[in-house]
Amino acid sequence: MRLLIAGGAGYVGSALIPRLLERGYSVDVVDLFWFGNKLPEETGLLNKDLFDVTVEDLKDYDQVLFLAGLSNDPMAEFSPNKNFVYNAAAPAYLAYTAKKAGVRRYVYASSCSVYGYTVNELYDETRPVASAYPYGISKLQGEQAVMNLADEQFSVIALRKGTISGYSPRMRLDLIVNTMFRTALQDRLIRINNPSIWRPILAMEDAISAYIRVIEAHESISGIFNVASGNYTVGEVGDLVKAEMEQQLGNKINLEIRHQQDFRNYKVSIDKAKNVLSFHPQHDVRGIVGQLIAQMSRFSDLNNPAYYNIQVFRELEKGISSHSLGKPAGVGR
Ligand SMILES: NC(=O)c1ccc[n+]([C@@H]2O[C@H](COP(=O)([O-])OP(=O)(O)OC[C@H]3O[C@@H](n4cnc5c(N)ncnc54)[C@H](O)[C@@H]3O)[C@@H](O)[C@H]2O)c1
């Protein structure tokens with residue numbers, strides 16, 4: 001099976017692709033390499049904007065995965081106009097082009113942030129979505145556009161992922177558990193901005209298995225699926241990170257509890273993914289921290305700007321022309 005992954009050089013793609021290669025898939029990546037390139041040598045590289053991908057380019061692929069765009073709220077808020085182009089128009093363009101090229105399946109990286117601010121209820125995929133902020137709105141627009149194209153010849157699957165955490169060769173330290181891990185390591189402190197807010201957390205290892213289940217799902221399957229390892233309050237995430245790090249590293253870690261307002265609060269049901277995709281998460285917050293500790297020598301330069309999307313993005317924005325967000329960074333390995 002031949003796969004093309006747009007945005008495959010990012011945090012998710014860089015952890016997923018070695019596993020896809022291991023399973024015998026042929027994988028090519030189209031990416032602007034904003035955060036460099038940590039992909040295995042066997043990955044085919046197309047160093048360009050996915051808006052420049054043509055029907056001809058996609059003719060030989062069985063499946064196309066979209067993992068590109070602006071992947072968090074700070075980037076989206078820093079540049080709302082680029083956010084809507086890259087998160088809403090880009091996945092729509094790529095799905096349209098893939099369908100025209102005869103690709104059989106399109107997989108879209110959606111996000112639980114489409115649920116916005118909910119109160120004390122477990123949300124499944126049939127519940128209303130109501131994000132009022134650029135990232136959540138644009139992820140929903142992208143999702144709606146690609147889902148519209150699904151038919152018997154063209155399977156479309158959207159994964160509404162919880163916040164991913166854990167190790168990837170292209171590391172990010174701006175995601176909830178990873179951030180707590182970093183401050184615990186550097187400052188012996190975990191800051192909790194709002195302990196009562198709910199977040200579905202998705203361990204990288206479970207994200208990888210969700211993508212594998214999707215790629216290998218029966219061709220008749222299309223649809224939207226919530227995927228998470230578990231639902232936690234941010235306060236509980238802090239307690240679990242603290243407990244695991246204290247136990248494994250032997251240092252006392254302090255908590256700083258704040259009560260800041262947050263515009264995202266949701267917990268999700270993953271029953272549909274369990275029943276239809278056979279997705280069964282195996283990891284939890286303490287397991288994520290254990291994995292980060294085991295891999296920490298691979299990202300020991302904790303202040304590397306490449307680990308913080310907004311820092312790289314601000315620099316890219318300085319050199320922007322039209323919708324193209326600047327030159328690829330460090331394509332060499
Ligand atoms: N990381 C999470 O917690 C999370 C949670 C839910 C959903 N998602 C979604 O999953 C996807 C992957 O997330 P990530 O954390 O790996 O992101 P990332 O920011 O690490 O990587 C995104 C990659 O896409 C590339 N890219 C962006 N726009 C492009 C374009 N127009 N053409 C070619 N390449 C382009 C970038 O160069 C980068 O390599 C994103 O769509 C994100 O919105 C992520």
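Residues: numbered from 1 along the sequence shown. Ligands are counted one by one from 1 in listed order, and the atoms in each one are counted from 1 as well. Bear in mind the structure is a predicted one, so any value in this text is a computation, not a measurement.
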Practice problem: Provide, to 0.1 Å, the distance between atom 7 (C) of ligand 1 and the closest protein heavy atom, together with that atom's residue and name. | Solution: S110 O, 3.1 Å

Quiz prompt | Between CZ on residue R199 and CD on residue E236, distance to nearest 0.5 Å | solution = 14.5 Å

Practice problem: State if R160 counts as touching ligand 1 under the rule of any non-hydrogen atom under 4.0 Å. | Solution: no

Quiz prompt | Close-contact set for ligand 1 against R170 heavy atoms, below 4.0 Å | solution = 18 (P), 19 (O), 20 (O)

Quiz item: Nearest to atom 34 (N) of ligand 1, what protein heavy atom do you find, and at what distance?
Solution: L32 N, 3.2 Å

Quiz item: At a 4.0 Å cut-off, with the gap strictly under it, does some heavy atom of K48 reach an atom of ligand 1?
Solution: yes

Quiz item: Which ligand 1 atoms does Y135 reach within 4.0 Å, using its non-hydrogen atoms?
Solution: 7 (C), 8 (N), 42 (C), 43 (O)

Quiz item: Any idea which protein heavy atom is nearest atom 23 (C) of ligand 1, and the distance to it?
Solution: G7 O, 3.6 Å

Exercise. Write out the residue and atom name of the closest protein heavy atom to atom 3 (O) of ligand 1, then the distance separating them to 0.1 Å.
Key: I164 N, 2.9 Å

Quiz item: Any idea which protein heavy atom is nearest atom 16 (O) of ligand 1, and the distance to it?
Solution: V12 N, 2.8 Å

Self-check item: Nearest candidate to atom 27 (C) of ligand 1, where distance is taken over non-hydrogen atoms, out of P200, G69, S14, S113
Solution: G69

Practice problem: Name the option, out of G36, A228, G13, S71, that contains the heavy atom nearest to atom 19 (O) of ligand 1. | Solution: S71

Exercise. Consider only side-chain N and O atoms of Y86 and D49, and report whether a donor and an acceptor are under 3.5 Å apart.
Key: yes

Self-check item: Atom indices of ligand 1 within 4.0 angstrom of S111 heavy atoms, with elements
Solution: 6 (C), 7 (C)

Quiz item: Is it true that a side-chain atom of R170 and a backbone atom of A306 form a donor plus acceptor pair closer than 3.5 Å?
Solution: yes

Exercise. Go through ligand 1 atom by atom and flag the ones less than 4.0 Å from a non-hydrogen atom of A9.
Key: 39 (O)

Quiz item: For ligand 1, is there an N or O atom under 3.5 Å from any N or O atom of K139?
Solution: yes

Practice problem: Could you tell me whether A90 approaches ligand 1 through its side chain, its backbone, both or neither, with non-hydrogen atoms closer than 4.0 Å? | Solution: neither

Quiz item: Counting from 1, what ligand 1 atoms have a heavy atom of D49 closer than 4.0 Å?
Solution: 30 (C), 31 (N), 32 (N)

Self-check item: Numbered atoms of ligand 1 (with element) below 4.0 Å of T163, judged on heavy atoms
Solution: 3 (O)

Practice problem: Ignoring hydrogens and angles, tell me if any N or O in the side chain of T118 forms a donor-acceptor pair with the backbone of N265 under 3.5 Å. | Solution: yes

Practice problem: Would you check if there is a donor-acceptor pair between the side chains of N194 and S196 at a distance under 3.5 Å? | Solution: yes

Quiz item: Is the Y123 to Y266 ring centre distance short of 6.0 Å?
Solution: no

Quiz item: Is there side-chain contact between V53 and L94, with at least one heavy-atom pair below 4.5 Å?
Solution: yes

Quiz prompt | Residue pair L70 / W34, side-chain heavy-atom distance below 4.5 Å | solution = yes

Self-check item: Pair Q186-N303, side-chain donor/acceptor within less than 3.5 Å
Solution: yes

Practice problem: Could you check atom 22 (C) of ligand 1 against the protein and tell me its nearest heavy-atom contact, residue, atom and distance included? | Solution: L67 O, 3.7 Å

Self-check item: Between Q261 and Y117: side-chain donor-acceptor atoms closer than 3.5 Å
Solution: no

Practice problem: Give the single entry among L70, L50, L202, D31 that approaches atom 32 (N) of ligand 1 most closely by any heavy atom. | Solution: L50

Exercise. Tell me, please: is G162 in heavy-atom contact with ligand 1, that is, under 4.0 Å?
Key: yes

Quiz item: Can you tell me if Q248 and E244 form a side-chain donor-acceptor pair at under 3.5 Å?
Solution: yes

Exercise. To the nearest 0.5 angstrom, please state how far the CZ atom of F225 sits from the CG atom of N275.
Key: 10.0 Å

Quiz item: Which part of N87 is near ligand 1, with near meaning a heavy atom under 4.0 Å away: side chain, backbone, both or neither?
Solution: neither

Self-check item: atom 21 (O) of ligand 1: nearest protein contact (heavy atom, Å)
Solution: G10 CA, 3.3 Å

Self-check item: Within-cut-off N or O pair, R172 and ligand 1, under 3.5 Å
Solution: yes

Exercise. Using a 4.0 Å heavy-atom cut-off, say whether L175 meets ligand 1 through its side chain, its backbone, both or neither.
Key: side chain

Quiz item: Can you tell me the protein heavy atom closest to atom 10 (O) of ligand 1 and the distance?
Solution: K161 NZ, 2.9 Å

Quiz item: Would you find a donor on one side and an acceptor on the other, under 3.5 Å apart, between the side chain of E219 and the backbone of R104?
Solution: no

Quiz item: Does one side chain, of Y232 or D284, offer a donor that lies under 3.5 Å from an acceptor on the other?
Solution: no

Quiz item: Nearest non-hydrogen atom to atom 29 (C) of ligand 1 belongs to which of A306, A68, S165?
Solution: A68

Quiz item: Just heavy atoms, cut-off under 4.0 Å: does F51 contact ligand 1 by side chain, backbone, both, or neither?
Solution: neither

Quiz item: Any side-chain donor paired with an acceptor under 3.5 Å for Y307 and D301?
Solution: yes

Quiz item: Are R19 and E205 close enough for a salt bridge, meaning some N to O gap below 4.0 Å?
Solution: yes

